[in-house]
2 protein chains.
Amino acid sequence: MLSTVDNAMLSTMDSQRGLNATEAALLGLLREEGPMAGSQLAQTAQTVIGEYWNLTRSQIYRELTALTSGGFLTAGPPDPRRSRVYTVTAAGEAAFLEWLQAGPADMTPRLPLLITVLFGADLPPGRLAEILDEHERRHRDRLAEYRALDAELIRIGVGPYVRATLAFGIRFEEAVSRWFAELPAEFRQRDAGGGGG
Amino acid sequence: MLSTVDNAMLSTMDSQRGLNATEAALLGLLREEGPMAGSQLAQTAQTVIGEYWNLTRSQIYRELTALTSGGFLTAGPPDPRRSRVYTVTAAGEAAFLEWLQAGPADMTPRLPLLITVLFGADLPPGRLAEILDEHERRHRDRLAEYRALDAELIRIGVGPYVRATLAFGIRFEEAVSRWFAELPAEFRQRDAGGGGG
DNA sequence: TGGTACATGTAACATGTTACATGATTAG
DNA sequence: CTAATCATGTAACATGTTACATGTACCA
């Protein structure tokens, strides 16, 4: 046996495994924006990648702990509110760059709305139209937000990489809007009579 | 105490909780296509909803077990390969219709490619172009498949609900293609010199 | 100085993914 | 009849989500 490290120890501080996309994103943000605490990172992540990468505060805290015990981060001393500032280590930087270099996975689609549409014939009259209207409104609002944000990003002279990710959001929402507009008219028929009974 | 049912019992056969989108989809498919075994259902699901709802065989088996113990399905006797045919019960049908009526959740985006693009400046020269080319190719292929499939669905006279879900896929892939085409030219620059080590 | 609302972090739970075990079919 | 391969199902693990506990700052 060359190594004296046992399995129990490895399970606590497994430094060797690759990152997942969430961990990579957090390391990348910490590296770029500088050291910060969990709650700040949560806010930053929501702003910067929230549009296309869903994550929760809880998840961030867990990942910070795991990344620290893996040697990818160091944690500063806790302040009065027991929050600590995390800093990317050399190993963390290497792991991040390795993840980046390896290339992203394919996306795994999750569109509950399309499940509803697929079984739309099983809905009572008018209900599908309600659902579609509601979702169409949300997407229209989001498209407007994205466009406003894009104008703002251009104004303050932000770089092409951030703008490219926002451009994706815009093209996506445009496609969704078009899809809504092209749906068969019968999908959008409200329950005309108010159906007594 | 009005009820004599204790907690241990509820944890085994909790019939009351609502469905998630995966369970609803499985019930809907079983209801529409008729009773079938786990492996058949896995194939059917992949074909019918795989485009916009990612799921694995394992997940299907687990959900079938859970739905059965919840009273939403009944399982037939096992055949030589210990596969059983599952049938939707009245309670299962009610739960499915209830999920459908309540309306779908918003989608939670997960686009690893955009994480890579965001940090694209940290990649070695040419690597981002490679990654983009690879993903663009995959999406172009998928768009072609969807279009062929759409023509086929029209030919065999399939209903408007299924075609609406496919239409979403087509509009989405068109948007993705357009986004790729509009990316700044510098993102697509391959490593020209071959960079001597 | 007490109380209320909010911020922060934690732990339990639900879901999704990967890796394995088992047995049946088929080729030799 | 035996071995290899494939189909099917199971169980362990990783990740994501929800609900809770703790304490701090602000306000009366």
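Protein chains get the first letters and strands the later ones, always in sequence-line order, with residue 1 at the start of each. All heavy atoms count here, side chains included; hydrogens, waters and symmetry mates do not. Everything quoted here is computed from the prediction, not taken from an experiment.
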Base dT18(C) paired with Ser58(B) side chain (donor-acceptor, <3.5 Å):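 It does, because a donor-acceptor pair links the side chain of Ser58(B) to the base of dT18(C) below 3.5 Å.
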
Rounded distance in Å - [atom1] ([X]) to [atom2] ([N]):
X        : N       : atom1 : atom2 : value
Gln59(A) : dT8(C)  : CD    : C1'   : 17 Å
Leu64(A) : dG9(C)  : CG    : P     : 9 Å
Gln40(A) : dT8(C)  : CD    : C1'   : 12 Å
Arg62(B) : dA12(D) : CZ    : P     : 13 Å
Ile60(A) : dG9(C)  : CD1   : P     : 11 Å
Leu26(A) : dT15(D) : CG    : C1'   : 13 Å
Arg57(B) : dT10(D) : CZ    : P     : 11 Å
Leu55(B) : dG16(D) : CG    : C1'   : 17 Å

Is there a side-chain contact between [X] and the phosphate of [N], meaning an N or O under 4.0 Å from OP1 or OP2?
X         : N       : value
Arg110(B) : dG16(D) : yes
Ser39(A)  : dT8(C)  : yes
Thr108(B) : dG16(D) : no
Asn20(B)  : dT15(C) : yes
Tyr61(B)  : dT10(D) : no

Centroid-centroid under 6.0 Å between [X] and [Y] rings:
X         : Y         : result
Phe72(B)  : Phe96(B)  : no
Tyr161(A) : Phe187(B) : yes
Phe172(B) : Tyr52(B)  : no

Touch class at under 4.0 angstrom, heavy-atom based, for Thr56(B) against every strand present: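 Base: the residue Thr56(B), judged by heavy atoms under 4.0 Å, touches a nucleobase.
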
Candidates Arg127(B), Arg137(B), Arg188(B) - the one meeting side-chain contact (heavy atoms from CB on, under 4.5 Å) with Leu132(B):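 Of Arg127(B), Arg137(B), Arg188(B), side-chain contact (heavy atoms from CB on, under 4.5 Å) with Leu132(B) is met by Arg188(B) alone.
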
Given DNA chain D, 5'-ward residue of the pair Gln43(B) and Trp53(A), judged by closest heavy atom: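 Going by which nucleotide is closer to the 5' end, it is Gln43(B).
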
Cluster overlap Tyr61(A) with Leu67(A), hydrophobic side-chain contacts below 4.5 Å: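 Different clusters: Tyr61(A) never reaches Leu67(A) through Ile, Leu, Val, Met, Phe, Trp or Tyr contacts under 4.5 Å.
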
